Amino acid sequence: MDIYVDFDDCLCETARYFSGLVKRMFDKDIPYEDIQFFDLQNSFNLADDEFDEMMIEAHRPEVLITYEETTNASSIINSWIDEGHNVSIITGRPYSAYEASKEWLINHNLDRVQLYCLNKYGRDSFLKGSSFSLELEDYYKMHFDFVVEDSPSAFKYLTHLKDARIMIFDRPWNKDCKFPSQNFHRCYNWKEIDREFDSTRRG
């Protein structure tokens, strides 16, 4: 099977880090549980320059490699690879974050996955002239049987996968979102995702 996994807030706890970062940088106390929107500028009530400053800081290589792994993510993904499945990490991070992101994967024993940077969110504001390693036209040529995502903003890039089982990792910013189709299913942890994957694999 071909598997799509998002990076931030699926593999690692990015938003939890951002919550602490905003507190340190701007003295704004927005707990992770209170992050209402995937649009972090809105969730943290940041001015344009504050948002750019936060995102630049959060994407420094030495910072990216420190994000905490989401519990059980690497062990379960490795078990899929051991079974012969193909796993691609499709991240909205710009290509400038590729090397640090790859280092994070290696540090978490995920050196066998493929990593692609796809402009899912139009994030060209904080890093001017950002480039990405995967264009939308090439992404749409890729096939996936199973997907792990968290962002409502990415749903539009998944609806063409008519036969895929799409797992939406439960996060505060997607609790009230409406799923585009019956292919989308809410999940709460990686063990639940693994059970759903096993069910999908067995048909």
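The shown structure was predicted, so the numbers you read here are calculated from the model rather than taken from an experiment.
- Aromatic rings of F146 and H85 (six-membered ring for Trp) have centroids beyond the 6.0 Å cut-off, not under it.
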Please evaluate residues E192 and R186 with respect to the criterion salt bridge (charged side-chain N to carboxylate O under 4.0 Å, His left out), reporting the C-alpha separation (whole Å), side-chain torsions for both, the decisive distance (0.1 Å), and the verdict.
CA-CA 10 Å; E192 182 180 350; R186 185 172 298 277; over 6 Å; no
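- Both tests pass for R24 against the ring of Y17: distance under 6.0 Å to the centre and angle within 45° of the axis.
- Checked by atom type, the side-chain pair D9/W173 shows no donor-acceptor distance below 3.5 Å.
- Summarising the geometry, atom CG belonging to L136 is positioned 7.5 Å from atom CG belonging to L134; distances are rounded to the nearest 0.5 Å.
- The number of heavy atoms from other shown groups lying within 6.0 Å of CG (D49) is above 12.
- Using cut-offs of 30° and 60° on the angle between ring planes, the pair W80 and W190 is tilted.
- In this structure, F179 and F155 have perpendicular ring planes: the angle between them is above 60°, well past the 30° mark.
- Closest approach of A97 to L64, counting heavy atoms only: CB-CD1, 3.6 Å.
- Atoms CZ and OH, on F18 and Y32 in that order, are 13.0 Å from each other to the nearest 0.5 Å.
- Side chain of N174 to main chain of F169: a donor-acceptor pair is present (N/O by atom type, distance under 3.5 Å, no hydrogens or angles).
- Of all heavy-atom pairs spanning N78 and N109, the tightest one is ND2-O, 2.8 Å.
- Judged purely by distance below 3.5 Å, without hydrogens or angles, the side chains of Q36 and N42 never pair a donor atom with an acceptor atom.
- Residues passing the salt bridge (charged side-chain N to carboxylate O under 4.0 Å, His left out) test with E13 are R16, R171, sequence neighbours excluded.
- Going from atom OG of S199 over to atom CG of D194 covers 11.5 Å, rounded to the nearest 0.5 Å.
- Between L115 and S101, the shortest heavy-atom distance links the atoms CD2-CB, 3.8 Å.
- Between the OG atom of S43 and the NZ atom of K28 there is a distance of 12.0 Å, given to the nearest 0.5 Å.
- Taking both residues in full, the closest heavy atoms of W104 and Y67 are given as NE1-O, 2.8 Å, listed atom of the first, atom of the second, then distance.
- Side-chain N or O atoms of S88 include none that pairs as donor or acceptor with a backbone N or O of I90 at under 3.5 Å.
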Walk me through it: do H160 and F144 pass the test ring pair (Phe, Tyr, Trp, His ring centres under 6.0 Å)?
CA-CA 10 Å; H160 70 291; F144 297 104; 8.3 Å; no
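- With sequence neighbours left out, the salt bridge (charged side-chain N to carboxylate O under 4.0 Å, His left out) criterion links D27 to K23.
- Atom CD of E62 has more than 12 heavy atoms from other residues, nucleotides or ligands within 6.0 Å.
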Intermediate values then yes/no, salt bridge (charged side-chain N to carboxylate O under 4.0 Å, His left out), D145 and R165
CA-CA 6 Å; D145 305 291; R165 190 166 182 81; over 6 Å; no
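- Distance check: T70 OG1 to F7 CZ gives 10.0 Å after rounding to the nearest 0.5 Å.
- Shown here are the salt bridge (charged side-chain N to carboxylate O under 4.0 Å, His left out) partners of E83, two or more places apart in sequence or in another chain: R201.
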Begin from the C-alpha positions of D82 and R112 and carry the test salt bridge (charged side-chain N to carboxylate O under 4.0 Å, His left out) through to its verdict.
CA-CA 10 Å; D82 289 343; R112 294 181 293 169; 2.9 Å; yes
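- The heavy-atom pair separating V63 from E57 by the smallest distance is CG2-O, 3.6 Å.
- A salt bridge between E33 and K175 is absent, with no side-chain N of the basic residue lying under 4.0 Å from a carboxylate O of the acidic one.
- Note: the hydrophobic cluster containing Y188 does not contain F184 (ILVMFWY, side chain heavy atoms under 4.5 Å, direct or indirect links).
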